[in-house]
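Working notes, beginning with the structure itself.
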Amino acid sequence: MAEAARVVEAYVGEYASGKSENAVNRAISLLATGQPVTIADLDLVEPCYTLRPLKKRLQALGLTVLAWDTGDTVGMGEAGQTIMPQVRWVLRRAGHIVLDVGYGVHGAGIINLVEGAAKDKDLRVLL
């Protein structure tokens, strides 16, 4: 059986648009390929609402989750956060990669902090 093509997708949208839900569901569905799957939190504006509370459950399914633990953050989000060092080089990881990116057009600029994003032939940005 041929190995499935590498999937690298960034989910971008406005607040409460469903981007995180789509990113999480896509990452879970990619587990069926048998390849490693990494989901990375690139929502630095309001990062505490979706991916972080689910982190342990997603890891239990077999996903690699690059997100701060909820207990490592202070406040309710909205104040911004720093990017996790591992997220900067996420595109170097083996297997499929799903990026959960916050805040639409303005938030999409955060992808520029990911090393190699401008040249990654597999990266698709989904709005």
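Quick note: residue numbers are just sequence positions, from 1.
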TODO: Would you kindly confirm whether L113 and L66 end up in one hydrophobic cluster when ILVMFWY residues are joined by side chain heavy atoms under 4.5 Å apart?
DONE: yes
Open item on the list: Tell me which pairs pass salt bridge (Lys or Arg N to Asp or Glu O under 4.0 Å) where either residue lies in residues 87-116, with sequence neighbours left out.
Closed with: R88-E115
Open item on the list: Is it the case that the side chain of K19 and the backbone of E14 share a donor-acceptor pair, with hydrogens and angles ignored and the cut-off at 3.5 Å?
Closed with: yes
Open item on the list: For residues V125 and V87: do they belong to one hydrophobic cluster (side chain heavy atoms under 4.5 Å, members Ile, Leu, Val, Met, Phe, Trp, Tyr)?
Closed with: yes
Task: Any side-chain heavy-atom pair of D41 and M84 under 4.5 Å - done: no
TODO: Supply the atom-to-atom distance I28 CD1 to L58 CG, rounded to the nearest 0.5 angstrom.
DONE: 5.5 Å
Task: Backbone of G18 reached by a side-chain donor or acceptor of N22 within 3.5 Å - done: yes
Open item on the list: I need the minimum non-hydrogen distance between V12 and A108, along with the two atoms involved.
Closed with: CG1-CB, 4.0 Å
- [ ] To the nearest 0.5 angstrom, please state how far the CG atom of D69 sits from the CZ atom of R52.
- [x] 9.0 Å
- [ ] Compare every heavy atom of L91 with every heavy atom of G116, then report the nearest pair and how far apart it is.
- [x] C-CD1, 3.9 Å
Task: Pairwise distance CG(L42) to CD1(I110) - rounded to 0.5 angstrom - done: 6.0 Å
- [ ] Side-chain contact test, heavy atoms from C-beta onward, threshold under 4.5 Å: evaluate it for D43 versus L51 and give yes or no.
- [x] no
Open item on the list: Between H96 and V37 (side chain of the first, backbone of the second, donor and acceptor by atom type, cut-off under 3.5 Å), is there such a pair?
Closed with: no
Task: Cluster link L61 to I39, ILVMFWY, side chain under 4.5 Å - done: yes
TODO: Report the residues that fulfil side chain to side chain donor-acceptor pair (under 3.5 Å) with D122, sequence neighbours left out, ordered by chain and then residue number.
DONE: R6
Task: Side-chain touch R26/V7, heavy atoms, less than 4.5 angstrom - done: yes
Task: In one Ile/Leu/Val/Met/Phe/Trp/Tyr side-chain cluster, 4.5 Å: I111, W89 - done: no
TODO: Take atom CD of Q86 as the centre, draw a 6.0 Å sphere, and report whether it contains more than 12 heavy atoms from other residues, nucleotides or ligands.
DONE: yes
